[in-house]
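Within every chain, numbering begins at 1; the chains are lettered A, B, ... in the order of the sequence lines, protein sequences first and strands thereafter. Computation of the quantities below employed the complete heavy-atom set of this structure, encompassing side-chain atoms and omitting hydrogens, waters and symmetry-equivalent molecules. Keep in mind that this is a model prediction, so the values were computed, not measured.
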Protein chains: 4
Amino acid sequence: MATLTKLIRPLSEDAQGKRERRKEARPGELLDAALDLFVEKGFAATRAEEVAARAGVSKGTLFLYFPSKEELFKAVVRENISGRFSEWNEEFATFEGSTLEMVRYCIQVWWERIGATRASGITKLIISEARNFPDLAAFYQQEVIRPGTDLVRRILQRGVARGEFRKDLDLDYAVFSLISPMVHLIMMKHSLAPCCPQDYPLDIERYLKSIADNLLHGLCVRREAAA
Amino acid sequence: MATLTKLIRPLSEDAQGKRERRKEARPGELLDAALDLFVEKGFAATRAEEVAARAGVSKGTLFLYFPSKEELFKAVVRENISGRFSEWNEEFATFEGSTLEMVRYCIQVWWERIGATRASGITKLIISEARNFPDLAAFYQQEVIRPGTDLVRRILQRGVARGEFRKDLDLDYAVFSLISPMVHLIMMKHSLAPCCPQDYPLDIERYLKSIADNLLHGLCVRREAAA
Amino acid sequence: MATLTKLIRPLSEDAQGKRERRKEARPGELLDAALDLFVEKGFAATRAEEVAARAGVSKGTLFLYFPSKEELFKAVVRENISGRFSEWNEEFATFEGSTLEMVRYCIQVWWERIGATRASGITKLIISEARNFPDLAAFYQQEVIRPGTDLVRRILQRGVARGEFRKDLDLDYAVFSLISPMVHLIMMKHSLAPCCPQDYPLDIERYLKSIADNLLHGLCVRREAAA
Amino acid sequence: MATLTKLIRPLSEDAQGKRERRKEARPGELLDAALDLFVEKGFAATRAEEVAARAGVSKGTLFLYFPSKEELFKAVVRENISGRFSEWNEEFATFEGSTLEMVRYCIQVWWERIGATRASGITKLIISEARNFPDLAAFYQQEVIRPGTDLVRRILQRGVARGEFRKDLDLDYAVFSLISPMVHLIMMKHSLAPCCPQDYPLDIERYLKSIADNLLHGLCVRREAAA
DNA sequence: CATGAATGAGTGTTCATTCAT
DNA sequence: GATGAATGAACACTCATTCAT
């Protein structure tokens with residue numbers, strides 16, 4: 001059982017670990033360290049020296065690769081915003097099964113490739129710091145949110161087109177019904193769950209199954225009883 | 001049409017008479033100003049002097065009422081965590097209509113009393129700063145999240161008991177299907193929406209209706225075997 | 001047995017005490033409170049509000065009587081520098097007994113009228129703050145040190161003139177032999193003794209007797225053995 | 001003629017190359033600067049930036065070596081409390097001459113090694129700030145005052161044992177007859193003398209000789225019954 | 001007169017950033 | 001390149017002083 005609180009990485013994982021670092025790896029290690037710290041403590045509360053220390057280099061070295069803490073932050077975000085949407089679009093464009101299966105697959109794949117990985121921290125980061133980095137927020141909106149929303153929208157549209165989903169879906173807004181539980185899960189994972197582990201013994205499989213079930217079939221027993 | 005980006009409060013415009021003695025009003029004004037700024041910029045990036053200025057007083061005055069910036073933050077959170085759940089529990093315990101109506105009413109009422117008000121900023125604040133203020137996060141978890149979750153769970157249970165909702169609901173997790181769109185809306189309202197207004201021309205009524213519809217009836221046309 | 005550490009006044013002696021204060025007494029009470037606090041914590045570390053609180057008035061009232069903290073300090077010093085030297089000079093000018101008796105009497109009287117009283121705090125105060133208040137130091141030098149030294153010098157001279165004291169006394173410097181133990185006693189009383197009570201179980205009578213004995217008769221068994 | 005007011009050090013005159021890397025030297029330079037300033041103006045009235053400036057570095061550098069102004073103060077005191085007493089004890093334990101010579105030698109050596117040096121400032125510092133730093137005062141009491149007092153006591157005892165000093169000396173208190181003029185001299189040097197130079201044209205040799213003479217032989221012409 | 005709420009200059013401390021080595 | 005000592009701008013917080021009531 002994959003519990004939410006088990007997913008938080010321990011902080012000092014590789015503080016000592018690999019001493020035989022290749023020089024070319026430096027920026028990557030700095031970005032790695034920075035991602036963890038920014039997600040955990042926020043941009044302002046993260047000290048440049050701490051990032052450097054966790055990456056196993058000196059403070060000065062950090063500024064050798066990134067001209068400022070702000071640029072480091074931006075690099076962290078850019079680095080972790082995968083432009084894999086074309087690949088994913090392809091994947092979903094050629095999907096063969098029912099749209100119901102597609103939705104479940106979509107959720108599963110999102111969890112495996114984003115939700116469960118450190119990439120999920122980026123979402124937390126963006127949402128927390130958006131107001132202080134509006135250009136980054138816009139960038140994220142454009143590179144991730146919009147393509148993601150479009151992808152989801154296309155899936156839903158396919159369902160409607162194929163007669164699987166309700167004709168009267170308000171497509172522009174129905175995407176939130178699918179996206180919200182993912183965003184919410186990320187937020188929990190990176191904020192409250194680490195603070196109150198006993199309150200978040202989430203079984204991810206059940207979580208994902210439950211939201212997929214409810215999303216597809218609704219809470220109600222039958223369809224005709226509109227509220 | 002209530003658009004998300006219209007909901008951000010403009011700067012305070014008063015700050016009239018200086019040196020006016022009004023001890024009673026000060027703390028509230030400071031908490032008000034602090035809430036706005038903390039939500040907008042985060043705890044660390046908000047300067048004490050700025051909070052004071054927005055409240056129309058000098059820096060020194062802030063520290064007359066709150067011993068430190070951290071205590072101000074805690075006061076902001078505590079102040080805005082109303083213990084209104086007993087009242088709400090009452091309201092829902094004596095609800096007369098169908099549980100479908102109840103869910104719609106719940107969403108509507110949540111928006112009016114929380115989502116649309118500045119109280120929603122607290123959720124953003126907590127989620128953004130939880131790791132830096134774990135005690136506050138725990139406090140919020142206990143005072144808000146847990147009672148809120150319980151309330152929602154009771155509603156769902158009522159629906160199952162009355163035969164309105166599916167028997168096979170995974171109650172512990174179904175609550176997220178209702179809560180996630182609310183949390184997500186709050187996050188959007190306080191982070192990306194102010195940065196990319198053109199991307200968030202959200203019509204709240206449609207948003208709320210859509211998630212309620214989908215939550216209750218699912219995306220699918222009819223209830224066949226789950227995919 | 002009068003032990004040094006018993007002589008330190010408890011801080012909150014009259015915090016509540018006499019509520020029926022006469023208005024005319026205010027400045028005096030402020031000076032009283034200020035003296036204690038300045039002696040205990042030094043000028044800089046003493047807060048005006050604390051002085052006011054101990055005197056049982058508000059912060060504003062203090063500044064009603066003294067234009068600034070610095071003026072308060074100066075007033076404290078001036079107030080406690082008794083111009084009683086003319087009286088004392090009289091007393092010693094008409095002294096009838098031997099100069100040995102005179103020296104012992106001088107020490108005793110100093111202790112009773114200065115050393116044992118709160119006036120002794122002034123010396124501690126002046127010495128500690130002299131560099132920050134050079135004009136006050138000069139004032140003290142002129143009003144207290146110089147007359148005091150002169151008085152002592154006259155006593156010693158009387159002893160020499162009457163053949164009681166050694167002819168070869170270096171009068172200008174011999175005064176220190178009498179004054180130093182007094183200054184030292186004051187310093188101990190107001191600094192180290194309150195911090196290390198167990199190290200300063202001083203029996204004042206023995207202290208005064210010992211220094212008088214040694215001053216008058218020296219440590220040596222007989223006079224001719226010059227070192 | 002060594003006059004007391006000539007002994008005050010002028011401001012530092014170096015501060016040459018900036019950004020010179022010399023980690024080893026910094027703490028010492030800062031402690032040096034801090035000692036001077038703390039002695040002159042007291043702890044509270046000395047600004048951290050001023051200490052740094054006098055040491056020829058920036059404010060930030062000070063906090064690189066000392067975590068706080070208070071720790072700087074403590075370091076200043078500790079640094080200057082040399083544990084040289086064992087060496088001195090040795091020196092006096094093996095002293096060959098008369099105890100009269102020993103007393104004169106003791107006074108002379110004290111002046112050369114402590115009184116005339118900046119170490120004397122520590123005594124002034126401790127006495128002025130004891131009430132604000134009780135733990136440091138206790139530390140000083142234990143590390144300096146007690147060993148010093150013991151050393152003096154042993155000298156006096158030697159004199160009594162060898163029949164050089166009076167049998168009826170009250171040893172516990174007689175130590176003050178020797179120590180007080182030293183403490184007093186330090187106090188004058190660091191407080192009133194710099195303010196009223198014309199009042200303190202002290203000839204140290206005469207001062208030391210006078211107190212030694214009077215201490216050993218007393219003021220009186222011959223040893224008659226104590227008054 | 002007395003109050004105490006309000007002020008703002010001043011200071012300790014932090015930390016991103018620089019640069020001599 | 002890499003380092004880490006040094007910097008100084010920025011900010012939290014204090015407290016003497018003011019002044020409307």
Only counting residues at least two apart or in another chain, list the ones meeting side chain to side chain donor-acceptor pair (under 3.5 Å) with S58(B). T61(B)
[atom1] of [X] versus [atom2] of [N]: gap in Å, rounded?
X	N	atom1	atom2	result
F66(C)	dC15(F)	CZ	P	21 Å
R26(B)	dA20(F)	CZ	P	14 Å
L62(C)	dC19(F)	CG	C1'	16 Å
L64(D)	dT7(F)	CG	P	9 Å
L30(C)	dC1(E)	CG	P	13 Å

Looking at [X], does any N or O in its side chain come under 4.0 Å of the phosphate oxygens OP1/OP2 on [N]?
X	N	answer
T61(D)	dA5(F)	no
Y65(B)	dA5(E)	no
S58(B)	dT7(E)	yes

Once you round to the nearest 0.5 Å, how far does CG of L31(A) lie from OH of Y65(A)? 11.5 Å
Spacing of E129(A) atom CD and S128(B) atom OG [to the nearest 0.5 Å]: 7.5 Å
Residues forming a salt bridge (charged side-chain N to carboxylate O under 4.0 Å, His left out) with E50(B), sequence neighbours excluded: K41(B)
Assign a letter to each nucleotide of nucleotides 9-14 of chain E from its 5' end: B, base within under 4.0 Å of a protein heavy atom; S, sugar-phosphate only; -, no contact. BBSSBB
Under the side-chain contact (heavy atoms from CB on, under 4.5 Å) test, which residues partner [X], sequence neighbours left out?
X	answer
A48(A)	L62(A), F63(A)
T123(D)	I127(D), Y140(D), I186(D), M187(D)
A44(A)	A44(B)
E49(C)	R47(C), K59(C)

Just to be sure I understand: a Watson-Crick pair is purine N1 to pyrimidine N3 plus N6-O4 or O6-N4, both under 3.5 Å. Using that and G-U wobbles, which stems of three or more pairs involve DNA chain F? E:2-21 with F:2-21
Got a sec, which pairs hit salt bridge (charged side-chain N to carboxylate O under 4.0 Å, His left out) with one end in residues 61-81 of chain C, sequence neighbours left out? K74(C)-D135(C)
